[in-house]
Engineer: 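This is the structure I want to talk about, given as structure tokens.
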Amino acid sequence: MKKIAVWIGFLLLLGLFAGCAQQEEGTIDKGDQDADGKVEAAAGGEIEAIEPHQGLNQDPVPLKVDRVGENEVNVEMTAQITDIEIEKGYFYKAWTFNGQAPGPVVVVEEGDMINFTLKNMDPAIPHSMDFHAVHTAPSKNFADVEPDETGTFRFPATKPGVFMYHCGTKPILSHIANGMHGTIIVKPKDGYPNDDVIDREFIMLQNEWYKYNDLDDFSNGEPSQVAFSVKSFDEDGRNTNGDTFTLKDEPLIAKVGDRIRMYINNVGPNETSSFHVVGTIFDDVYMDGNPYNHFKGLQTVMLPASGGAVVEFTVTEAGSYPIVTHQFNHAQKGAVAILKVTETGEDDGNAVMSH
Ligand SMILES: [Cu+2]
């Protein structure tokens with residue numbers, strides 16, 4: 001018995017050392033911090049922005065969505081260069097849609113025609129838009145918009161679901177990995193079966209980050225951060241960027257007994273998400289968000305790169321429920337959020353359990 005205890009102690013110690021070593025390796029060169037705590041690129045270092053983007057940090061531009069007909073909606077977005085704090089104190093000069101990475105969530109209805117406008121505020125690089133929610137000829141409608149120009153395209157959204165969008169300009173991997181990704185939700189015209197009993201809805205995205213604008217690292221490396229973000233249906237709601245800390249420091253909040261729906265999307269660019277909420281089981285799951293793809297009683301939902309789902313579950317007890325990708329190497333790199341469940345549905349200020 002004593003021998004076993006010693007062995008367990010030894011193994012735990014070994015695990016601890018391995019954990020420390022991993023932490024060390026995961027540390028990245030963040031350059032020098034200035035007085036504001038903002039990170040300046042290290043001279044000649046790998047996070048120095050490309051020349052036309054140096055010193056450029058464009059303020060986020062709000063997404064514009066206007067319904068102009070019963071089945072017609074105008075969507076206006078920007079391509080822009082904006083600093084995103086992906087880890088505390090580390091700012092990535094992201095290529096973004098509307099100054100968010102992932103970009104803002106676009107919500108339309110099944111059967112809508114989308115009149116889409118992309119204003120490219122990037123002074124140096126063309127960008128474009130590839131919505132997975134539409135049927136169109138990519139060569140015609142996913143075309144590049146040159147710097148300081150505006151492009152307009154029309155797409156029909158004929159299938160309901162939770163879809164990825166991303167920049168489709170070559171090299172596509174560089175544009176997605178630098179931050180040009182997001183989610184478009186096409187609401188089913190007849191809704192989901194449980195619409196009447198859902199108490200709270202969240203939109204959660206997973207993405208990963210690599211060395212700044214390094215196509216070789218994007219192609220062959222491992223992510224340096226894997227991140228969750230939340231997005232809102234409302235313009236004034238909570239929209240966070242893909243980072244490693246916000247959703248731990250400021251958890252999602254729910255009330256005991258709430259039936260919760262999450263629209264989830266893995267915007268990659270490369271990795272799979274094994275989406276799991278610790279302490280619960282998904283009662284109902286609609287793969288890719290299509291009501292036809294209905295599953296019941298799933299523990300973990302696998303989202304391929306670009307894949308989405310709607311998951312529904314009930315929180316039965318007060319406490320903190322970590323939301324993770326069950327690929328724990330990625331949880332270790334940041335992909336953990338906390339859902340805090342309280343008796344009142346308000347934040348009670350109590351400490352949460354991390355993971
Ligand atoms: Cu782009």
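Read the numbers this way: they start at 1 and go in the same order the structure lists the ligands and their atoms. Every heavy atom of this structure was used, including side-chain atoms; hydrogens, water molecules and symmetry mates were not.
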Engineer: If you look at His127, which of its N/O/S atoms is nearest to the Cu ion (ligand 1)?
Structural biologist: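 For His127, the N, O or S atom at the smallest distance from the Cu ion (ligand 1) is ND1.
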Engineer: Relative to Phe233, does Lys187 satisfy both conditions: NZ or CZ under 6.0 angstrom from the six-membered ring centre, and within 45 degrees of the ring's axis?
Structural biologist: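 The answer is yes, since Lys187 meets both limits relative to Phe233.
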Engineer: Please check if any side-chain donor atom of Asp216 sits under 3.5 Å from a side-chain acceptor atom of Ser219, or the reverse.
Structural biologist: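 Per modelled atom types, Asp216 and Ser219 side chains form no pair under 3.5 Å.
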Engineer: Between Tyr212 and Asp217, is any side-chain donor less than 3.5 angstrom from a side-chain acceptor?
Structural biologist: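 No donor-acceptor contact under 3.5 Å links the two side chains.
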Engineer: Below 2.8 Å, can you find an N, O or S atom of Met180 next to the Cu ion (ligand 1)?
Structural biologist: yes
Engineer: Looking at the Cu ion (ligand 1), which N/O/S atom of His175 is the nearest one?
Structural biologist: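 Result: ND1.
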Engineer: Pairing donors with acceptors under 3.5 angstrom, does anything connect the side chains of Thr158 and His135?
Structural biologist: yes
